[in-house]
Amino acid sequence: MHRSTSGARRACAVGTTIALIGLTTGLGLVTATAASADEISDPTTSVSAPADPTAPTDPTAPADGTPAPDDAQPTAPASTEPAAPASTEPAAAAPTAPATPRPTKPTAPSSSAPTADASAPAAARIAAEIVGDAKVGSVLRVDTADITGPYAYAWSVGDGPTVSTTPSFPVTNAEIGSTITVVVTGADDVTAEATTAAVTEDVTFGGDTTSSDEPLVIDTTAGTTFAQSFAVTAGSGDVTYSVGYSDPEWSDPTDPDDQPESYLPDGVELDPATGLLSGMSTSASYYDFTVVASNGTSTATQYVEVVVSPDAAIGVLASALDTSPQDLFQDGRPATAWIILPDGSISTVHFPGDDAVEPTFEDGGQPTVPQGQSLWISGSAIDRFGNLTEEWEDGETFPSPTITSDHATDVIALDEDTFSTKVTFPHASEHRLTVAQDDVSVSFPVTVVPTPAVVPAATAPVFPVAAAPIASAPTAGRQLAYTGSDTTDALPWALAMLLAGAGLVGVRVMRRRTQR
């Protein structure tokens with residue numbers, strides 16, 4: 001605020017004195033108070049009551065205005081100016097001690113008196129605040145609401161000299177780790193000072209912005225080592241890196257098997273100190289996740305998709321099923337499947353007919369089918385790690401292999417509903433089927449069991465009464481015609497797709513055999 005002139009303060013002091021004299025006169029009091037301003041220091045300006053004429057005068061009373069000892073009547077201090085009488089009536093009360101100047105300013109009863117002590121230090125009456133984050137790229141300014149303008153600014157870095165006198169201060173890389181101080185001086189020469197915390201820099205990956213729909217794509221091949229650095233291009237302090245969810249809405253952090261690291265390809269790791277993503281995966285697939293960089297005060301997220309493509313095809317993984325994949329688990333009927341590995345070895349899978357019971361695996365075996373019945377054949381070219389080499393995009397038809405037989409009489413037809421090939425065997429004998437795709441193939445034998453011979457009815461006597469046992473013959477083993485119901489049941493379709501792709505059942509068997 002603006003300070004008052006000495007003349008104005010003197011006028012206020014005189015006005016206060018007159019008001020106090022008038023007040024004591026009206027009340028019939030003898031006490032008088034000397035008003036003073038903070039620049040008035042003359043102790044001779046005082047007011048005292050007249051001496052009692054009936055009281056004796058003590059010639060030994062001190063002249064400096066101090067009270068006389070014991071019961072002696074005090075004498076008013078000497079003054080170069082006559083003091084105004086406090087009352088026209090003689091005092092009847094006890095003697096009043098002479099008034100002495102007070103070292104501090106009394107509270108003014110008038111609204112025109114100053115409301116603040118002008119002698120107080122300026123720093124105690126003002127404040128300043130730096131607005132803005134102490135980060136690289138921010139522009140700092142000062143809130144000077146408590147200081148009278150115009151203003152002068154002095155910005156400094158750390159304990160250094162003034163580097164700027166402008167109202168604002170842009171923070172750059174040069175200030176990382178240092179504090180920034182500003183001293184503001186107002187029009188009345190009062191100052192205020194404020195200092196920031198140590199300057200930091202937000203971490204950022206730089207380059208194009210990524211998202212869940214448009215991630216950074218890294219292409220690699222199964223069995224090939226790769227490395228990709230995710231070190232931030234900007235950021236201060238200790239930066240750490242971690243793996244995050246690409247789509248948190250489809251994740252469950254409370255599930256121990258659904259942690260962010262589980263979205264990395266098998267055999268690939270992220271270094272938390274350097275941000276290096278490296279390793280070798282043998283599982284061909286698409287892997288979506290995020291790399292998160294943090295320096296404790298800021299974070300940056302990079303959306304990533306690693307595409308692991310299959311290696312070169314080394315053979316065909318085939319399967320044969322003695323019932324339509326659509327009919328698996330229908331009416332509790334058991335089924336048998338055979339998995340043929342690229343080297344021609346065979347494993348047998350027994351489906352118990354109950355979807356609540358896991359299938360069992362058996363090394364060895366050979367596809368077997370009654371004469372006139374069919375097998376459903378599937379297959380796909382695979383690489384050395386068991387990955388299917390033929391890509392199958394959503395909405396596209398599964399790439400079916402080519403099936404041939406060494407018997408021209410075998411009926412071979414593509415079953416588009418099950419993505420498999422139906423082979424019917426009219427003649428009983430040893431057959432050999434070949435499954436080919438992507439310039440590789442595998443062959444395996446099929447045993448077609450002849451139909452048991454039917455004894456001619458003429459060899460037995462025929463009597464009318466014999467018709468009753470025939471009519472009551474057991475019907476075990478007979479099935480109603482397939483009506484197509486429950487074709488969308490999830491489990492049969494999932495197993496059908498598994499077998500149609502020469503899928504995971506065969507891969508698991510092959511990997512289990514490889515690990516032995």
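FYI, the numbering just counts along the sequence from 1. In this text the structure is predicted, and so the values were computed from the model without any measurement.
- Applying the ring pair (Phe, Tyr, Trp, His ring centres under 6.0 Å) definition to pairs two or more places apart or across chains, those involving residues 157-176 are Trp155-Phe169.
- For the salt bridge (charged side-chain N to carboxylate O under 4.0 Å, His left out) test, residues two or more places apart in sequence or in another chain that qualify with Asp311 are Arg384.
- The stretch residues 254-267 participates, sequence neighbours left out, in no salt bridge (charged side-chain N to carboxylate O under 4.0 Å, His left out) pair at all.
- Take Trp338 and apply the side-chain hydrogen bond (donor to acceptor under 3.5 Å, both in side chains) test, not counting sequence neighbours, and it matches no residue.
- Partners of Tyr263 under the ring pair (Phe, Tyr, Trp, His ring centres under 6.0 Å) rule, at least two apart in sequence or in another chain, are Tyr245.
- The side-chain hydrogen bond (donor to acceptor under 3.5 Å, both in side chains) test applied to Ser164 returns Thr166, not counting sequence neighbours.
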Report, one line per pair, each donor and acceptor closer than 3.5 Å where one atom sits in a side chain of residues 225-235; sequence neighbours left out.
{"from": "Ser229", "atom 1": "OG", "to": "Ala231", "atom 2": "N", "distance (Å)": "3.3"}
{"from": "Thr233", "atom 1": "OG1", "to": "Thr204", "atom 2": "O", "distance (Å)": "3.3"}

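- For Phe289, there are no ring pair (Phe, Tyr, Trp, His ring centres under 6.0 Å) partners, not counting sequence neighbours.
- Every residue two or more places apart in sequence or in another chain was checked for a ring pair (Phe, Tyr, Trp, His ring centres under 6.0 Å) with His350, and none qualifies.
- Taking 4.5 Å as the limit, some side-chain heavy atom of Pro325 sits within range of a side-chain heavy atom of Ser420.
- Here salt bridge (charged side-chain N to carboxylate O under 4.0 Å, His left out) pairs that include residues 213-236, with residues two or more places apart or in two chains, number zero.
- With sequence neighbours excluded, the residues satisfying salt bridge (charged side-chain N to carboxylate O under 4.0 Å, His left out) with Asp202 are Lys135.
- Residues satisfying the side-chain hydrogen bond (donor to acceptor under 3.5 Å, both in side chains) criterion with Ser178, sequence neighbours excluded, are absent altogether.
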